[in-house]
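Scroll down for the structure; my scribbles are underneath it.
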Amino acid sequence: MDTFKWESVEKQIHSLIKNYGYGEIRTPAFEETGLFIRGVGKDTDVVSKEMYSWKDQGNNNLTLKPELTAPVVRSFIQHNLGRLQPINRLYYIDALFRRERPQKGRQRQFHQFGVEAFGSENPEIDVEVISVAYNIYKSFGIDGMVVKINSIGSPNVRPKYLKELRVYLKPFSKRLCKTCNHRLDTNALRIFDCKNQNCQELLDEHAPLISDFLSDDDKKHFEKVLQLLDHLGIPYLLDFKLVRGLDYYTRTTFEITSSELGSQDALCGGGRYDNLVEQLGGEPTPAVGFAAGMERLLIVLEESLQDLRKSIDIYIVILGERALPEALKIAHNLREKLNLTVVTEPSQRGVKAQMKEANRQNAKFAVIIGENEIKSKFVAIKDMTKGEQVEVKITSILHYFSNLN
Ligand code: HAM
């Protein structure tokens with residue numbers, strides 16, 4: 001029922017992303033499980049709780065893809081895309097699977113559009129990626145969105161920070177949930193992803209923030225990102241707790257949220273992942289990207305999309321069996337020569353029922369053709385918006401509609 005909304009939104013997204021020079025990449029529905037364990041991180045919610053994984057008959061461990069950054073990186077490495085040009089700009093619109101508790105804006109099969117830009121560590125490209133997301137939402141007329149941004153620095157600052165975080169959290173470990181107690185030893189940064197209120201309160205109290213541990217280069221990079229955002233007039237909110245729930249991020253992290261979404265308020269999220277290509281076996285290649293929930297965009301657009309009711313150009317009302325061959329020929333010519341959407345009535349019903357159907361299908365015109373029309377070589381054409389009807393010679397129908405597109 002809602003396919004026409006998806007089509008219209010997807011069309012606009014394809015066209016806007018292409019305007020930035022990104023080319024579409026398509027990857028398989030499933031990958032080897034190890035790709036996500038190594039790429040996304042075994043302590044993340046996505047990998048530890050949400051993947052649909054199985055063993056195939058050849059004993060391979062496979063997983064329906066829960067996100068697209070790792071598969072795109074795998075493909076980038078496998079097809080040696082880095083040799084093509086210094087910066088590779090790729091984008092996707094695809095279906096993904098996460099075994100989460102379904103609710104508004106959160107499905108087990110959902111769709112993302114997103115971009116991944118490989119080959120530059122410059123802050124300009126972080127800002128390009130953020131502006132692709134921001135401008136797509138703007139082009140859909142979305143207000144009330146907030147760009148939240150942070151820098152989690154380069155990986156070499158992390159051990160010092162994580163040590164401080166553990167020192168702070170250890171004495172309160174009884175207040176942490178079971179998962180976070182485990183994370184405290186394995187991957188303490190992931191405690192920021194926890195939905196448990198006690199864990200979040202503990203972090204809010206006096207936990208050290210990674211932004212206080214950035215190197216001078218990290219700071220310079222982040223300042224430049226913010227400067228360029230200012231320059232482009234993209235408003236943002238600094239959120240020093242925004243570490244994002246996937247292990248591959250370095251430096252810039254960001255999310256765009258909407259007040260219209262309720263508890264699942266992230267329209268999109270992304271950031272830099274300068275080490276992932278190397279970590280998965282490729283040449284060291286800095287990269288940055290984002291991914292955005294299609295369903296969440298559709299929720300926010302719900303009202304404006306109602307106006308996009310599907311419409312057809314011409315509905316051919318057929319009265320009597322003998323009019324059928326001529327009607328089918330007219331329909332064929334209109335489609336072939338003028339590329340119009342033409343629907344013919346198949347059921348030999350009365351004129352009233354057929355006109356009602358033309359209306360229901362939101363037809364711009366109805367062409368009425370019966371046995372009398374065949375004899376007189378004229379058909380009646382009704383403009384369904386104006387309600388006006390004219391007689392047109394059968395041989396002039398193409399000419400009559402030639403200006404419709
Ligand atoms: P993510 O934050 O896991 O990031 O997902 C990105 C967006 O996908 C979310 O902000 C949300 O809009 C949508 N989303 C996620 N899970 C669901 C769900 N279960 N149902 C509906 N929508 C959902 C990533 O996936 C990273 N790969 C983004 C990225 C690209 N980072 C760098 N490049």
Side-chain angles (χ1 to χ4, degrees), residues 9 13 17 22 25 27 31 35-36 39-41 44-52 64-76 88-118 125-126 128-130 132-134 136-137 142 145-150 152 190 192-193 195 242-258 260-277 280 285-301:
V9 170
I13 291 170
I17 297 185
Y22 285 72
I25 180 163
T27 67
E31 297 274 350
L35 173 69
F36 300 110
V40 176
T44 58
D45 281 351
V46 169
V47 172
S48 64
K49 303 183 195 161
E50 298 167 1
M51 296 204 301
Y52 287 97
L64 284 179
K65 56 189 175 190
E67 66 101 53
L68 271 152
T69 309
V72 169
V73 169
R74 197 260 315 131
S75 174
F76 178 85
N88 265 274
R89 293 177 164 92
L90 302 171
Y91 84 93
Y92 45 77
I93 304 185
D94 206 349
L96 302 163
F97 306 86
R98 291 186 192 176
R99 205 182 155 278
E100 293 189 90
R101 196 167 50 79
Q103 62 182 93
K104 185 182 169 200
R106 192 163 76 185
Q107 296 78 27
R108 290 183 162 185
Q109 174 169 346
F110 63 102
H111 299 78
Q112 283 183 344
F113 66 91
V115 308
E116 312 291 352
F118 295 93
I125 199 94
D126 304 48
E128 175 179 295
V129 163
I130 297 170
V132 172
Y134 184 78
I136 285 178
Y137 293 126
I142 294 177
M145 54 174 168
V146 178
V147 180
K148 294 182 182 166
I149 191 162
N150 190 21
I152 61 168
R190 297 280 63 92
F192 282 92
D193 310 334
K195 302 192 177 72
L242 184 73
V243 298
R244 306 263 309 129
L246 311 161
D247 276 356
Y248 45 64
Y249 290 112
T250 56
R251 294 192 163 169
T252 313
T253 51
F254 75 97
E255 277 182 8
I256 302 183
T257 57
S258 160
E260 286 173 44
L261 276 174
S263 70
Q264 300 303 312
D265 67 349
L267 280 168
C268 74
R272 195 161 259 294
Y273 49 97
D274 286 343
N275 288 14
L276 187 60
V277 178
L280 293 178
T285 311
V288 53
F290 80 85
M294 284 290 289
E295 284 80 1
R296 295 190 191 178
L297 173 59
L298 275 128
I299 291 174
V300 174
L301 292 179

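In each ligand, atom 1 is the first atom listed, and ligand 1 is the first ligand listed. Keep in mind the model is a prediction, meaning the values are calculated, not measured. For this chain, numbers begin at 1 and follow the sequence in order.
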Who's closest to atom 3 (O) of ligand 1 heavy-atom-wise, of R99, R98, R106, Q107? R98

re atom 31 (N) of ligand 1, the protein heavy-atom contact at minimum distance is Y249 OH, 2.6 Å

Any idea how F118 and F76 line up, ring-wise: parallel (<30°), tilted (30 to 60°), or perpendicular (>60°)? parallel

Test your reading of the model: is there a side-chain donor-acceptor pair from R98 to the backbone of P66, 3.5 Å cut-off? yes

Select one of side chain, backbone, both or neither to describe which atoms of E100 lie under 4.0 Å from any atom of ligand 1, heavy atoms only. side chain

Sidechain N-carboxylate O distance under 4.0 Å for D265, R296: no

Looking at K65, R244, E295, the heavy atom closest to atom 2 (O) of ligand 1 belongs to R244

So which protein heavy atom does atom 26 (C) of ligand 1 come closest to, and at what separation? Y248 OH, 3.3 Å

If you measure from each non-hydrogen atom of L246 to ligand 1, which part falls under 4.0 Å: side chain, backbone, both or neither? side chain

Quick one: does G114 get a heavy atom under 4.0 Å from ligand 1? no

Under 4.0 Å, heavy atoms only, figure out whether ligand 1 is touched by the backbone of F290, its side chain, both or neither. backbone

At a non-hydrogen distance cut-off of under 4.0 Å, which region of F113 contacts ligand 1 (side chain, backbone, both, or neither)? neither

Do ligand 1 and A266 have nitrogen or oxygen atoms that lie under 3.5 Å from each other? yes

Salt bridge K49-E100, side-chain N to carboxylate O under 4.0 Å: no

Within the supplied structure, the quantity of interest is the number of heavy atoms (other residues, nucleotides, ligands) at a distance under 6.0 Å from R99 CZ; does it exceed 12? no

Select one of side chain, backbone, both or neither to describe which atoms of R296 lie under 4.0 Å from any atom of ligand 1, heavy atoms only. side chain

Given that the side chain starts at C-beta and the backbone is N, CA, C, O, which of these parts of R108 lies under 4.0 Å from ligand 1, counting heavy atoms, or is it both or neither? neither

